[in-house]
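Residue indices begin at 1 and follow the sequence shown.
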Amino acid sequence: MRGTLRIYLGAAPGVGKTYAMLGEGRRRRDRGTDVVIGYVACHGRPRTLEMVDDLEVVPTKAMTYRGATFTEMDTEAVIARTPRVALVDELAHTNVPGSSHDKRWQDIEDLLDAGIDVVSTVNIQHLESVNDVVEQITGIPQRETVPDEVVRRADQVELVDMAPEALRRRMAHGNVYPPERVGAALSNYFRVGNLTALRELAMLWLADKVDDQLDRYRADHHITGTWEARERVVVGLTGGPEGETLIRRAARIADRSKGADLFAIHITPSDGLAGANPAHLARQRALVESLGGTFHHVVGDNVPDALLEFARGVNATQLVLGASRRGRLARIFSRGVGVEVTALSGSIDVHMVTHEATKQGRAQRLSALTRLRRVAGFVLAVVGMPLLAVVLANLRGHLSLPSDILLFLLGVVGVALVGGLWPALVAALLGSALLNYYFTPPIYEFTIAEAQNALALIAYVVIVIAIAVSAVVDLAARRTRDAAQASANAAVLANLSGSVLRGEKALSAILDRLRETYALTSVTLLERPPDTPLTPARQQEPARWRVAATVGGEPCLSPDDGDMVVAVDDDLSLALRGRTLPAADRQVLEAFAAQAAVALRQQRLADEAEHARPLAEADRMRTALLEAVGHDLRTSSASATSAIERLRHADGNRTAADRDELLATAAVSLKRLDHLSATLVEMGRPRAGGLGTAVQPVALDDAIPRVFDAIGAGADRIRVQIAEELPAVLADPGLLERVLVDLIAHALHRTPPGEDVLVAASVFGDIVELRVVDHGPDLPVDADRDPLGLPAPEPDGENDRRVDLGLAVAESLAEAMGGSIVPTDTPGGGITMIITLPAAETVTRDRPRDPA
């Protein structure tokens with residue numbers, strides 16, 4: 001039987017997740033459970049060490065990598081020991097190369113498969129989904145991550161939390177890191193704002209996991225009723241002007257409960273958008289998204305059922321609808337959406353919101369005919385029918401009554417074609433009277449002598465009305481159906497275009513909108529590899545296709561797997577699974593398929609452009625670097641040439657001390673020339689990445705002396721404070737030297753005579769920070785700034801140009817090596833340039849690897 005996994009999720013380093021794990025182990029041990037420690041990272045914290053004392057520890061294994069020794073959990077030994085519970089710290093830890101697995105969470109999977117229960121720990125910043133968010137908040141990249149799915153699969157996840165102020169007090173008291181690291185940690189990663197943001201991030205992530213567990217439980221137990229564990233407010237939109245009022249009311253309802261979700265949904269009937277205004281829907285979508293909600297577009301034949309099905313699907317607790325605009329007569333025949341939803345809502349609370357549009361009633365439908373045509377129809381009826389009677393009266397001896405009736409019927413049809421229904425009815429009634437008076441015996445009287453003539457006139461009226469009404473109704477129905485279908489299609493495509501234009505990932509947005517709109521199980525874009533022969537007999541085989549993109553459930557592996565297939569071209573097909581759509585939707589599906597194909601090609605072009613971007617950036621940096629080094633070459637060459645020329649033309653008055661000084665100047669300049677030439681040769685070698693960077697462990701105490709040589713005059717004003725135990729950094733030796741030379745030259749340029757420039761370094765988790773501190777002018781708020789955001793130095797000709805160029809080059813080179821340069825204020829005045837670089841692998845694994 002597989003073991004269970006319990007994880008203590010820390011909002012930030014130092015909140016006590018390892019302490020909580022060990023406390024859980026001790027409690028289980030005291031209850032008689034066999035508990036061992038597979039791996040624990042105490043980081044030298046006394047209280048944590050005390051918790052380890054009386055727990056059994058499975059010895060770790062020592063591994064050697066690049067000349068250094070590391071300790072890792074001995075997974076095989078833990079499995080051989082067969083405990084009931086194993087405590088394993090640092091779920092996101094990266095194992096030393098050569099281990100059986102790359103990540104510790106994979107080792108934990110082996111323990112779980114062996115039937116061992118595991119208790120582990122992880123910090124929120126190590127989760128893959130929030131890795132970029134944490135870097136944006138703290139400015140520090142996290143190189144060790146764990147897939148969210150690993151943590152989501154855990155049987156229990158418990159948040160270990162602490163107020164930011166309390167955690168900072170713990171650090172200040174030395175309960176988290178050694179005293180020499182406390183200052184740097186408090187001023188960087190452990191600022192109150194950072195800790196507050198991380199704390200909220202951890203709570204939100206855990207809340208989402210709880211939602212997932214609740215949804216899974218409801219699905220497993222076939223629970224369709226609403227559980228009000230968390231407020232979820234759904235607002236139904238018709239596309240009318242009242243939508244913004246409903247959205248704001250729904251947002252206020254959601255705001256009453258912290259963390260509530262807001263959903264807006266528009267139901268499109270399969271026969272079209274009745275009364276929906278695309279402009280209103282576009283504004284309402286923007287309003288919903290600005291309030292933190294999501295907009296959903298669903299096609300459904302029965303609006304109340306579709307609305308409630310969506311609400312129950314998202315476990316909604318509140319449903320907001322607008323009050324009906326239907327008139328009293330219309331309510332006799334249909335109760336309306338609001339009344340139907342309220343009757344069927346069950347445990348979902350329904351809010352009927354009044355609005356201004358309620359007083360106005362339904363928007364009046366405009367006639368398909370223009371006002372001019374209607375007027376012309378009435379004129380033709382009033383004038384044309386008497387004229388027809390005059391003409392037929394003169395032909396009375398040649399035509400019978402049935403013939404007269406047929407001619408009047410033809411006239412009525414003509415009026416109907418011109419003016420529509422109401423002019424045709426007027427013409428029919430007027431024609432009936434004229435037939436009776438002028439053509440039905442007795443003539444010139446409104447009486448009918450023979451019953452068969454009366455029957456003929458009645459049949460005339462009925463036929464006229466039936467023909468007119470049926471013609472108009474049929475034409476209106478066909479045009480309404482066509483317009484409704486076109487409107488529905490346009491709304492779907494507009495919704496699709498809007499999602500792409502708002503910045504959603506194009507291909508996935510297109511497929512997801514298609515799946516959501518037509519309530520499909522999955523939508524898959526299939527692609528035929530370029531080298532696959534197009535053989536009709538075998539072209540539908542799964543091996544002949546590959547999945548280019550898919551959303552929803554199980555993807556289709558070939559066109560035959562789909563309930564419906566839309567072919568884009570010979571090499572692309574869109575496979576739909578879930579239900580077969582009517583032929584009327586084929587045009588929209590083809591538009592979706594064409595857009596998906598375009599999005600796929602654009603995505604691949606963007607990927608190719610992204611691959612080319614580093615090469616272009618490397619070329620730009622190489623050009624700037626060569627220009628900066630070229631200046632140094634010219635300066636050193638000119639200095640050496642000048643010294644040698646002065647020695648050649650020395651007169652008898654030059655002393656031995658003068659000659660020694662000139663020789664020393666020439667020697668230093670030539671040494672710098674040799675060093676710069678070697679740097680240029682090294683950079684010219686072709687390497688991956690285009691710039692020619694060769695990242696390797698570099699000891700700072702080895703790099704600084706070379707920087708002194710490159711600085712030359714002014715090096716005596718540099719003070720260095722670098723601890724001997726400081727780990728090496730991962731950098732390109734030549735580029736690192738170039739960065740330090742440029743930044744120190746900038747600091748010397750700004751520092752007044754008699755003042756020194758300080759170069760100091762400290763370790764910060766997996767990051768080494770190198771500080772170049774000057775005491776020049778402070779950083780003005782509105783000053784002209786160089787590429788690093790620093791104030792431009794006072795004009796000093798070519799020397800200032802070199803300083804500005806050097807800063808730009810230094811920033812680019814630091815980024816090329818995986819680091820960064822950030823300017824900050826120096827206490828007491830001046831600017832401190834902070835260079836951050838990753839620590840080399842030679843730092844021991846016993847060193848805390850949290851970012852502080």
Any donor and acceptor pair, going by atom type alone, linking the side chain of [X] with main-chain N or O of [Y] inside 3.5 Å?
X: Asp74; Y: Lys61; answer: no
X: Gln106; Y: Lys103; answer: yes
X: Ser99; Y: Val96; answer: yes
X: Thr121; Y: Glu90; answer: yes

Taking the side chain as every heavy atom from C-beta outward, state whether [X] and [Y] have any atom pair closer than 4.5 Å.
X: Leu167; Y: Val15; answer: yes
X: Arg168; Y: Leu195; answer: yes
X: Gln696; Y: Leu730; answer: no
X: Val763; Y: Pro727; answer: yes
X: Val739; Y: Met817; answer: yes
X: Ile7; Y: Leu91; answer: yes
X: Val36; Y: Leu87; answer: no
X: Ile834; Y: Leu770; answer: no

Query raised in the report: Between Ile821 and Leu743, does a side chain to side chain contact (heavy atoms under 4.5 Å, CB included) hold up when you go through it step by step?
Result: CA-CA 10 Å; Ile821 300 178; Leu743 293 185; 3.9 Å; yes
When rounded to the nearest 0.5 angstrom, what distance separates [atom1] in [X] from [atom2] in [Y]?
X: Asp732; Y: Leu837; atom1: CG; atom2: CG; answer: 11.0 Å
X: Glu128; Y: Thr145; atom1: CD; atom2: OG1; answer: 4.0 Å
X: Asp117; Y: Asp155; atom1: CG; atom2: CG; answer: 8.0 Å
X: Leu127; Y: Leu201; atom1: CG; atom2: CG; answer: 8.5 Å
X: His126; Y: Ile124; atom1: NE2; atom2: CD1; answer: 10.5 Å
X: Asp161; Y: Leu9; atom1: CG; atom2: CG; answer: 9.5 Å

Side-chain H-bond candidate by donor/acceptor type, [X] with [Y], under 3.5 Å:
X: Ser120; Y: Arg104; answer: no
X: Thr836; Y: Ser820; answer: yes
X: Asp774; Y: Thr751; answer: no
X: Ser762; Y: Glu769; answer: no
X: Asp110; Y: His101; answer: yes
X: Asp107; Y: Asn95; answer: yes

Query raised in the report: What do the steps show when you test Glu76 against Arg81 for salt bridge (charged side-chain N to carboxylate O under 4.0 Å, His left out), and what is the final call?
Result: CA-CA 9 Å; Glu76 293 76 11; Arg81 168 63 176 74; over 6 Å; no
Report task. Assess whether side chain to side chain contact (heavy atoms under 4.5 Å, CB included) is satisfied between Val192 and Asn194, documenting all intermediate values. Result -> CA-CA 6 Å; Val192 172; Asn194 291 357; over 6 Å; no
Heavy-atom pair of closest approach, residues [X] and [Y]:
X: Thr196; Y: Pro164; answer: OG1-CG, 3.5 Å
X: Ala41; Y: Thr18; answer: O-CG2, 4.1 Å
X: Leu55; Y: Ile37; answer: CB-CD1, 3.8 Å
X: Asp34; Y: Pro83; answer: OD2-CA, 3.5 Å
X: Glu72; Y: Tyr39; answer: C-CD1, 4.4 Å
X: Gln125; Y: Pro13; answer: NE2-CG, 3.4 Å

Query raised in the report: Who are the side-chain hydrogen bond (donor to acceptor under 3.5 Å, both in side chains) partners of Thr60, not counting sequence neighbours?
Result: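 Checked Thr60 against side-chain hydrogen bond (donor to acceptor under 3.5 Å, both in side chains); zero matches.
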Report task. With sequence neighbours left out, write down each residue that passes side-chain hydrogen bond (donor to acceptor under 3.5 Å, both in side chains) with Glu158, or none if nothing qualifies. Result ->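 Counting only residues at least two positions away or on another chain, Glu158 forms a side-chain hydrogen bond (donor to acceptor under 3.5 Å, both in side chains) with Arg6.
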Query raised in the report: Partners of Asp30 by side chain to side chain contact (heavy atoms under 4.5 Å, CB included), sequence neighbours excluded?
Result: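 So Asp30 forms no side chain to side chain contact (heavy atoms under 4.5 Å, CB included) with any residue.
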Requested in this report: Evaluate the criterion side chain to side chain contact (heavy atoms under 4.5 Å, CB included) for residue pair Glu144 and His93; output intermediate values, then yes/no.
Outcome: CA-CA 6 Å; Glu144 291 187 324; His93 169 84; 4.3 Å; yes
[X]/[Y] ion pair, N-O < 4.0 Å:
X: Glu24; Y: Arg28; value: yes
X: Arg2; Y: Glu109; value: yes
X: Asp54; Y: Arg26; value: yes
X: Asp756; Y: Arg717; value: no

Query raised in the report: Stepwise, does the side chain to side chain contact (heavy atoms under 4.5 Å, CB included) test hold for Val729 with Leu736?
Result: CA-CA 10 Å; Val729 297; Leu736 176 59; 4.1 Å; yes
Query raised in the report: Do other residues, nucleotides or ligands put more than 12 heavy atoms under 6.0 Å from Arg27 CZ?
Result: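 Result for CZ/Arg27: enclosed.
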